[in-house]
Number of protein chains: 2
Amino acid sequence: MANIQQIAQHAGVSVATVSRVLNNATSVTPETRRKVEVAIKALNYQPSMLGRNLRNSESRLMLVLLPSISNPFYTEIINGIQNTAIANNYNILLCETDSKPERENIYFNMVKNKLADGIISMDPTVNMQKLNELSKDHPVILCSEYEQGGSIPYVTVDSEVAAYQAVKHLIKLGNEKIALINSDEKFLYARLRRAGYERALKEFKLPIRDEWIYNTKELEFEHGVQAMRMLLQLEEQPNAVFAVSDTLAIGALKALNNGIKVDHPIAIMGFDNISFSSMTNPTLTTVAQPMYKMGCLAAEMLMSSMKGEKVESIVMDHELIIRESTML
Amino acid sequence: MANIQQIAQHAGVSVATVSRVLNNATSVTPETRRKVEVAIKALNYQPSMLGRNLRNSESRLMLVLLPSISNPFYTEIINGIQNTAIANNYNILLCETDSKPERENIYFNMVKNKLADGIISMDPTVNMQKLNELSKDHPVILCSEYEQGGSIPYVTVDSEVAAYQAVKHLIKLGNEKIALINSDEKFLYARLRRAGYERALKEFKLPIRDEWIYNTKELEFEHGVQAMRMLLQLEEQPNAVFAVSDTLAIGALKALNNGIKVDHPIAIMGFDNISFSSMTNPTLTTVAQPMYKMGCLAAEMLMSSMKGEKVESIVMDHELIIRESTML
DNA sequence: ATCATATTTGTAATCGATTACATTTTACAA
DNA sequence: TTGTAAAATGTAATCGATTACAAATATGAT
């Protein structure tokens, strides 16, 4: 691989001039530019990002932190981030933390080391203290999960209102016994969605019963299956279930389909609108988050932040998608 | 962020000595090492990867090329790659090409520019000529899709045999009219799976009928739905369907569930064993690929290749997973 | 105490780019 | 033709690490 010296030599100019051609500086004669371009072609030259980055201390790389790549919720957001990043000559590095602090550290250090220019965190398990620390000197954006009253800009939906509306819809359909399959309430979104759930129940004077609230450790299908099985074993079965994630809701559907006897049909409502949710049988009613758009915005916010601009947090609109799982 | 000079000054030694401590070189007095370590702690120093990489010309980054992150088939492989990479102090950069040559070029250049040390390509749409070119000077491994008789090492399963066995299973169940939902046959895996399908049919003297072979453009669910609808419109409906991907098979299941009248039950067989395939209703019979393991191996092969070792291609075992969609 | 040798530490070149500043070339007016 | 300002180009420092080689120090035998 040729370097800038060799191009300079081949073109009979100095390295500075080659660099000027590369960076479209103005003060280069068309004739000189041509010579350099010929040399670049001839030697099949590609400037080394390492040299450039070291000097400029920018890498044009953004990190995207997420707990696990296997949740389809993230893949749509990532698409948005990626497309926006590429359009602006950035690349993204997907960082799966597996919710392990050691991994998180690796990625934080990449930013400190100038190997990456900033971070978008979608990881609810992230160490907020460390992230706040990092955000003092480096651009950081939160996507989906965020910190109330915190200083890091975020893009998200209003989980409380969304959950409230979802549960209200279940009530309007005539359901009075509504269960909640929630994830771990150490996460803000989980607490907010529970709050929305409770607000709707209270508004309609329906009881909030502890045995109808099930908290799962993870969001995988299997945990939804497990949760639904528990609910079905109750003396008094609920007749509708609101799950805080489509993956959990799909697991719940699975448990329902799996031959366990139920006295009456049970309505299921999910959250996210992952592409899979229209493939289930029955198809899944859910609260749609504008995932792709959220990704795009998060990337734009990060780039603004990298330019030193002040960035405002954004709360995006959600939408109720009514499908078969609530039409019984 | 402190640099090595400041550490040296703070510890009262030279930068060379600091570097020796960082890289665990032997010839450092315990006393000196301690002083340096104190300085590193005191200034909260992290060595800059840029400086290090420039000098060593290695980035400890591996690129993973894939057409789209949204196919769950890839996510399991990526998990394997990522875990293996991290265990060896590498990081991975996920590169979605969207099957666009411009994007591909960006990533190829990152390798040429020393911003990444090698590539694992899982992208069937990759420009093989360019990849071969790249592989002359840089480590490259193919995962899943590969080039027959090519020089780039790969890890894959035997698609022809797998398809043959899958279809044979359908035949053994008593099905005589077996359709194939294939993807674009410009891909090797698609041609091989078709070959296996035809071999099984021939062996049992069953007719190969063109109208029972449907080629989709993409692997998304919707294309499976579409394909199945076409098959159901035929004068003579098949009584079993082999789809070359679980996503297509799940779409086919959806089409079946969607109220279209069929004369008789239709068996469905998929390929991959994505986690979702056990969540459908009915659950999906499929050919399991050892995706996680393939990812691990691909990463190991790439690292071997980066060390300059000669790497042998690997064909892994597949496995028939019998579930409800073929038990009617 | 002296010298040879082994061990530790320091100096300075190097990786490949960018860019402030210096120098050369060009253009044009007098 | 000469002088001057503007434009083009070159020189060399710089980013932050590693490492060959040189220098200094420690060790041990005589």
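Below, chain A is the first sequence line, B the second, and so on; all start at residue 1.
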Next item on the list: Determine the sole option in A:Arg33, A:Arg34, A:Lys35 for which the salt bridge (charged side-chain N to carboxylate O under 4.0 Å, His left out) test with A:Glu37 is passed.
Entry: A:Arg33
Notebook entry, point to check: Would you say A:Thr84 and A:Glu300 make side-chain contact, with heavy atoms under 4.5 Å?
Noted result: yes
Notebook entry, point to check: Going 5' to 3' on DNA chain C, which nucleotide is the first and which the last to come under 4.0 Å of a heavy atom in chain A?
Noted result: C:dG16 to C:dA20
Notebook entry, point to check: With the sugar-phosphate defined as primed atoms, P, OP1 and OP2, and the base as all remaining atoms, what B/S/- string results for nucleotides 4-9 of chain D, 5' to 3', for protein heavy atoms under 4.0 Å?
Noted result: ----SB
Note to self: Would you say B:Ser68 and B:Ser70 are linked by a side-chain donor-acceptor pair, where the criterion is simply a distance under 3.5 Å?
What the structure shows: yes
Check: Between the two end axes of the helix from C:dA1-D:dT30 to C:dA30-D:dT1, each built from 5 base pairs, what angle do you get to the nearest 10°?
Finding: 50°
Next item on the list: Assign A:Leu50 to base, sugar-phosphate, or nothing according to its heavy-atom contacts below 4.0 angstrom with the strands shown.
Entry: nothing
Notebook entry, point to check: Strictly by modelled atom types, are B:Asp123 and B:Ser121 linked by a side-chain donor-acceptor pair under 3.5 Å?
Noted result: no
Next item on the list: Taking the side chain as every heavy atom from C-beta outward, state whether A:Ile152 and A:Leu131 have any atom pair closer than 4.5 Å.
Entry: yes
Note to self: I need the minimum non-hydrogen distance between A:Ala39 and A:His10, along with the two atoms involved.
What the structure shows: CB-ND1, 3.4 Å
Checklist line | Where B:Arg60 and B:Asp117 come nearest, the two heavy atoms and their spacing | finding: N-OD2, 2.7 Å
Checklist line | Side-chain touch B:Gln289/B:Ile77, heavy atoms, less than 4.5 angstrom | finding: no
Next item on the list: Quick one: label A:Asn53 by what it contacts on the DNA or RNA (base, sugar-phosphate, nothing), any heavy atom closer than 4.0 Å.
Entry: nothing
Next item on the list: Tell me yes or no: between the side chains of B:Tyr189 and B:Ser183, is some donor less than 3.5 Å from an acceptor?
Entry: yes
Notebook entry, point to check: With a 4.0 Å cut-off on heavy atoms, is B:Ser57 in touch with a base, just the backbone sugar-phosphate, or nothing at all?
Noted result: nothing
Checklist line | Closest contact, heavy atoms only, B:Val111 versus B:Ile119 | finding: CG2-CG1, 3.5 Å
